[in-house]
S.K.: 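One structure, as structure tokens, below. Some questions next.
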Protein chains: 2
Amino acid sequence: MAKAADRAKNPARSSVWLETNKRSRAARGGSGPAGLDRDRIVVTSIRMLDEEGLAKLSMRRLATELNVTAMSLYWYVDTKDDIIEYALDSCYGEVDLAAVLAADGWRERVRVLALEYRRMLVRHPWMSAVAGQYLNVGPHAIAVGGEIHKAIRDSGLPVSRTPSATSAVFQFVYGYGTIEGQFSRVAQQAGMSQDDFYTDSIAAFREEDQFTGTLEEMSEVLDERLSHGSVDEIWDRDFDYALDVLIAGIEVMVERGRAEAAAERGAQG
Amino acid sequence: MAKAADRAKNPARSSVWLETNKRSRAARGGSGPAGLDRDRIVVTSIRMLDEEGLAKLSMRRLATELNVTAMSLYWYVDTKDDIIEYALDSCYGEVDLAAVLAADGWRERVRVLALEYRRMLVRHPWMSAVAGQYLNVGPHAIAVGGEIHKAIRDSGLPVSRTPSATSAVFQFVYGYGTIEGQFSRVAQQAGMSQDDFYTDSIAAFREEDQFTGTLEEMSEVLDERLSHGSVDEIWDRDFDYALDVLIAGIEVMVERGRAEAAAERGAQG
DNA sequence: ACCTGAACACCGTTCAAGT
DNA sequence: ACCTGAACACCGTTCAAGT
């Protein structure tokens, strides 16, 4: 049941989290003679993905890491995609929702959620490339999505506008976490600190005469940045400021919405 | 020269657009006996990527489409990654920068750029998964980046803040274009209209009792949406509103920046 | 200068067979 | 119930050889 071939026929419901595809056996619980179970598979996958990246994860290499043959894995999952979907949701579980609940007011809740989300993406740089390809409807992803929705809703925006505002905030966080994660991963691969990597990259671009036209414009910006701190500090500072922009924008739109609603009531009464 | 193995050793400069890797021969110009050249390779790649997605593009299938063997491609590019990097930059070339220049004021320029960018991502749903993996320093990508920078700079924000604000706006657009493209691609694969696919998906989720907890919260939002138009209209409406939020936020921060600068001058003078 | 055939070292997945 | 060996139909890339 729920073979890879079947899965492809119904993309709308194509997720390990939906009944149509879920397999009954081996879902969880005790491990077999080889000490294998789905949890161990997922945990090991995440470690390998963090260390070596998406491209290097194969069923055979994963199996070797677990002291088992590749075919054993297929007792616990239907496809390699399933493993990645489980890994994805497991990472969403790292978002500290207790810290969100402890935060005071929607602004602070949005900030905490954004920071937790960003940090998760940076810890697992393979996530961003993959998240868009799945429905992201695992229990942890749904829980995070629910908190995001509630935080934005509490701003006072009309219900019809919360999805849009949510999207503005968290698509930004997603994109920001993606490039930050990419940057730190590539720097690490090059065996450099982020600071060295930054200055080295800029130097490389300046050597290219093809960039002298357009990059000149941004040159003063690039120079200005490192004078204000390390690359790590710049990531934080830029992130905080962008959240300032977004929160200020939401505040304005809340006010506009209230003014419009009042005008409507005035016209009616 | 510039083999795949060499490339991996210097990730900071790992791009077909940087001298270190660029190969001199066959860069452009007339096609060989088989009618092959790099432009044809890139154009065909983009068509195949649009039609069948990233996973299905292989050197062998691409070569077959071009009536040639896979190995011929290696005369024009060093690796499969190179082809994707060329394809990526070629797509950035679809952004209509003339329309941006024709727009009046930074707000309108930001809107036109955002819309052009979003449309490009929806036309080529494979782009989002891939863009983060490369440096994106091809001529077209750089040109687009330059216009984005200039539009945001003209808002009057301090130079030190433009990268952050740019990131807020265009990471949002990137994320938004990604999920919109994903949605339309999956609907198309399922052979459904976007509207049918939307209602069908929601129905599928409602059937799952695991979602009754968290999804209940968002239920009213989901219902509200389709009463206000087609899925296509919702995509447009949400996008416009999110840009309203972002532009309003930038306006507020410009004001704050001016107030702070004035206070500083007052304290000094 | 441009293109190919054969080969290498990999993939994900299936299926029948083992314990 | 859980795990494996062998096999299928693929990959990207290299290298020596063709024209």
Side-chain angles (χ1 to χ4, degrees), chain A residues 1-9 14 16 21 23-41 45 48-49 52-85 130 133, chain B residues 1-9 16 21 23-41 45 48-49 52-85 87 130 133:
Chain A
M1 281 300 158
K3 298 275 176 62
D6 304 339
R7 193 72 63 82
K9 285 182 191 157
S14 161
V16 287
N21 295 311
R23 57 197 304 166
S24 41
R25 56 193 153 95
R28 55 189 60 241
S31 42
L36 207 56
D37 60 30
R38 214 176 59 198
D39 258 21
R40 269 195 75 211
I41 294 176
S45 303
M48 290 179 74
L49 285 164
E52 312 174 316
L54 191 60
K56 284 233 169 123
L57 184 77
S58 78
M59 295 298 269
R60 292 183 223 258
R61 281 164 50 81
L62 173 56
T64 305
E65 199 74 12
L66 290 160
N67 292 314
V68 102
T69 65
M71 305 77 209
S72 313
L73 302 174
Y74 287 93
W75 184 256
Y76 299 92
V77 294
D78 286 338
T79 68
K80 185 187 173 186
D81 271 356
D82 284 10
I83 295 181
I84 294 175
E85 217 182 336
V130 138
Q133 323 240 22
Chain B
M1 282 296 160
K3 296 275 178 62
D6 304 340
R7 191 73 63 81
K9 286 183 193 156
V16 288
N21 296 311
R23 58 197 304 164
S24 40
R25 58 194 152 95
R28 55 189 61 242
S31 43
L36 207 55
D37 60 29
R38 214 176 59 197
D39 258 21
R40 270 196 73 212
I41 294 175
S45 303
M48 290 179 74
L49 286 164
E52 312 174 317
L54 191 61
K56 285 232 171 125
L57 184 77
S58 79
M59 296 298 268
R60 292 182 223 258
R61 281 164 50 80
L62 172 58
T64 305
E65 198 75 10
L66 290 161
N67 292 314
V68 101
T69 66
M71 305 77 210
S72 313
L73 302 173
Y74 287 93
W75 184 256
Y76 299 92
V77 294
D78 287 338
T79 68
K80 185 187 172 186
D81 271 356
D82 284 11
I83 295 181
I84 293 175
E85 216 182 340
V130 140
Q133 322 242 22

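First the proteins, then the strands, lettered A, B, ... as listed; each starts at 1.
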S.K.: Kindly give the heavy-atom pair with the smallest separation between B:M48 and B:L57, and that separation in Å.
M.R.: CB-CD1, 3.9 Å
S.K.: Checking contacts here: which listed nucleotide (C:dC2, D:dT4, C:dC11) is nearest the side-chain heavy atoms of B:P33?
M.R.: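 In terms of side-chain proximity for B:P33, the closest of C:dC2, D:dT4, C:dC11 is C:dC2.
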S.K.: Indicate the atoms forming the closest heavy-atom contact of A:L36 with A:Y76, along with that distance.
M.R.: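 Where A:L36 meets A:Y76 most closely, the heavy atoms are O-OH, 3.2 Å.
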S.K.: What heavy-atom pair brings A:S72 and A:V68 nearest, and what distance separates the two atoms?
M.R.: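 Smallest interatomic distance, heavy atoms only, reads OG-CG2, 3.7 Å.
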S.K.: State the pairing partner of D:dT19; accept Watson-Crick or G-U wobble contacts with both distances under 3.5 Å, and report none otherwise.
M.R.: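 Partner of D:dT19: C:dA1.
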S.K.: Classify B:S72 by what it touches in the nucleic acid, base, sugar-phosphate, or nothing, heavy-atom distance under 4.0 Å.
M.R.: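 Result for B:S72 = base.
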S.K.: Rounded off to whole Å, could you give me the CE-to-P distance for the A:M59 and C:dT14 pair?
M.R.: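 So the CE-P distance, A:M59 to C:dT14, works out to 10 Å.
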S.K.: Does the side chain of B:L54 reach to within under 4.5 Å of the side chain of B:I84, using non-hydrogen atoms?
M.R.: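 Side chain of B:L54 against side chain of B:I84, heavy atoms only: contact under 4.5 Å found.
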S.K.: OP1, OP2 of C:dC11 versus side-chain N and O of A:S58: anything below 4.0 Å?
M.R.: yes
S.K.: From CZ of B:R38 over to P of C:dC2, roughly how many Å is that when rounded to an integer?
M.R.: 13 Å
S.K.: Of all the choices, C:dG12, D:dT4, D:dC11, which nucleotide is nearest to the side chain of B:R61 once you look at every atom?
M.R.: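 Of C:dG12, D:dT4, D:dC11, D:dC11 is nearest to the side chain of B:R61.
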S.K.: Starting at CG of B:N67 and ending at P of C:dT4, how long is that distance when rounded to a whole Å?
M.R.: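 After rounding, the gap between these two atoms is 10 Å.
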S.K.: Looking at every strand, decide which applies to A:L57 at a 4.0 Å heavy-atom threshold: base, sugar-phosphate, or nothing.
M.R.: sugar-phosphate
S.K.: Determine the Euclidean distance between corresponding C1' atoms of D:dA17 and C:dA1; express it in Å to zero decimal places.
M.R.: 15 Å
S.K.: Give me the atom names and distance for the closest heavy-atom approach of B:L73 to B:M59.
M.R.: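 That would be CD1-O, 3.5 Å.
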S.K.: What nucleotide among C:dT13, D:dT4, C:dC2 has an atom nearest to a side-chain atom of B:Y76?
M.R.: C:dC2
S.K.: State which of D:dA6, C:dT4, C:dG12 makes the closest approach to the side chain of A:M71.
M.R.: D:dA6
S.K.: How many whole angstroms separate atom CG of A:D78 from atom P of C:dT13?
M.R.: 9 Å
S.K.: Checking contacts here: which listed nucleotide (D:dC2, C:dG12, C:dG5) is nearest the side-chain heavy atoms of A:W75?
M.R.: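 Side chain of A:W75 sits closest to D:dC2.
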S.K.: Of the candidate nucleotides C:dC3, D:dG12, C:dT14, which contains the atom at the shortest distance from the side chain of B:L36?
M.R.: C:dC3
S.K.: Both A:L73 and A:R60 contact DNA chain D. Which one's nearest nucleotide lies toward the 5' end?
M.R.: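 Result: A:L73.
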S.K.: Whole-Å distance between D:dC11 C1' and B:K56 NZ?
M.R.: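 Between C1' of D:dC11 and NZ of B:K56: 15 Å.
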S.K.: For the pair made of CG in A:D37 and C1' in D:dA1, what is the distance, rounded to whole Å?
M.R.: 14 Å
S.K.: Once you round it to whole Å, what is the distance between P of C:dT13 and NZ of A:K80?
M.R.: 8 Å
S.K.: Suppose we define a pair by two distances each less than 3.5 Å, Watson-Crick or G-U wobble; what does D:dT14 pair with here?
M.R.: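 Pairing partner: C:dA6.
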S.K.: Rounded to whole Å, how long is the line connecting atom CG of B:L62 with atom P of D:dC10?
M.R.: 17 Å
S.K.: Among C:dT14, D:dT14, C:dG5, find the nucleotide with the atom closest to the side chain of B:Y74.
M.R.: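 Between C:dT14, D:dT14, C:dG5, the one nearest the side chain of B:Y74 would be D:dT14.
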S.K.: If you define the side chain from C-beta out and look only at heavy atoms, does anything of B:I83 sit under 4.5 Å from B:L62?
M.R.: yes
